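Report on the structure given below.
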Amino acid sequence: MEVKRRAVKNLVTKLSSVSEQTRTEAICELRMISKNDSDSRPLIADAGAVPYLSESLYSSNKLSQENATATLHNLSISHKDLLMSTRGLLDALSHALRNPSSPSVAQCAAGTIFSLLTVESYRSIIGHKRDILFGLIDIIKNPNSDSRTVKDALKALFGIALYPMNRAHIVELGAVPPLFSLLCNDGRAGILEDVTAVIAQIAGCEESWEAFRKISGVGVLVDMLDSSTGSSNRTKENAISALLNLVQCGGEETVNSIRGIVLGAVDGIVEVAENGTDKGRSKAMALLKILDVSSCTFQEEHMDYLSNHSL
């Protein structure tokens, strides 16, 4: 271990070199070490590498920016507190998100942010960094963003939206239209599940109703519940969660506005209420209750279900 410690310290010392080539070579080596040897991550962190790596995210050198971002991503697995306590780190990550020299830079920056967001107390801090939100939204807006980058950006947005006070910020910064655009137009594996998870979270604020209304978002979510669309069970449960959050935050006016649209997908809601996960069944039942589905038409079509479940 002592040999590793000395080797890591020597590399970190090189990060302050006046030679760009020396710095870049050291960053590349640190990336490989942090990737392949988890025991070396504490050594890299303790040697003081994080401030230098953070500064390197501003580098115009593609190789430096790529490897520095990847190294920080690796360190974020086990050293979240150290990263968050490093002055300027979040600003550096937002710069990498918005000014990536390659797709891997944006992906690693988004992945690092998501890793930090697994700590509940960091969600409010990161959610107040507008440039980070803009950077994540820009990724999902860009039709040329690769699948892994989009998925990491969606996971980061989901983590930010877990803090209720952040949801209005996400809506106000224009995330709703590109999220629904992804939902309607992107068929890449796993994207629908992740994007509906984000939509479900941001639906949980008063500001979401107007944003959803402008783009006919409720209709899109209802379509996800139609068996003919081939939506996965997770996508259907996320869609129901989004609709439930929307009506719970929007109040009676929202309920009255969307009741007719949502009841058009009542079969899909009932299917989740009967066959979904425990959480999915609970939310489907809650949505049916709020929408007051005990109409004559509904009772005729679903009498057996209603007889066994109190609405």
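The structure displayed is predicted, hence computed values, not measured ones. Scope of the values below: all heavy atoms of this structure, side chains included, with no hydrogens, waters or symmetry mates.
Neither side chain, S19 nor S17, offers a donor N or O lying under 3.5 Å from an acceptor on the other. Between the side chains of N61 and E20, a donor-acceptor pair is found at a separation under 3.5 Å.
Grouped with M165 in one hydrophobic cluster are Y163, the linkage being side-chain heavy-atom contacts under 4.5 Å among Ile, Leu, Val, Met, Phe, Trp and Tyr residues.
Residues I170 and V198 have side chains not in contact (no heavy-atom distance under 4.5 Å, counting atoms from C-beta outward). A 4.5 Å side-chain heavy-atom check between M224 and L183 finds at least one atom pair inside the cut-off. Contact of the V150 side chain with the D194 side chain is not registered, since no non-hydrogen atoms from C-beta on lie closer than 4.5 Å.
Applying the salt bridge (Lys or Arg N to Asp or Glu O under 4.0 Å) test to every pair with at least one member in residues 43-69, sequence neighbours left out, gives no pairs at all. Under the salt bridge (Lys or Arg N to Asp or Glu O under 4.0 Å) criterion, the residue pairs touching residues 82-108 are D91-K129, R98-D131, R98-D138, with sequence neighbours excluded. Sorted by first and then second residue, the salt bridge (Lys or Arg N to Asp or Glu O under 4.0 Å) pairs with a member in residues 155-181 form an empty list; sequence neighbours excluded.
Evaluation of the salt bridge (charged side-chain N to carboxylate O under 4.0 Å, His left out) rule for R213 yields E210 as partners, not counting sequence neighbours. Every residue meeting the salt bridge (charged side-chain N to carboxylate O under 4.0 Å, His left out) condition with D278, not counting sequence neighbours, appears here in chain and number order: R281.
Using a distance-only test at 3.5 Å, with no hydrogens or angles considered, a donor-acceptor pair links the side chain of R259 to the main chain of L291. Side chain of Q65 to main chain of S101: a donor-acceptor pair is present (N/O by atom type, distance under 3.5 Å, no hydrogens or angles). Judged by distance alone, the side chain of S85 and the main-chain N or O of L82 form a donor-acceptor pair under 3.5 Å.
With a 6.0 Å radius and a threshold of 12 heavy atoms from other residues, nucleotides or ligands, N233 has its CG atom at or below the threshold.
The side-chain contact (heavy atoms from CB on, under 4.5 Å) with L154 is formed by just one residue from the set L182, L136, I199; it is L182.
Ring centers of F114 and F158: at least 6.0 Å apart, outside the cut-off.
V105 and I139 end up in different hydrophobic clusters when Ile, Leu, Val, Met, Phe, Trp and Tyr side chains are linked at under 4.5 Å. The same ILVMFWY cluster, assembled from side-chain heavy atoms under 4.5 Å apart, contains both W209 and I261.
Comment: E29 does not engage K14 in a salt bridge, judged by the lack of any side-chain N to carboxylate O separation of less than 4.0 angstrom.
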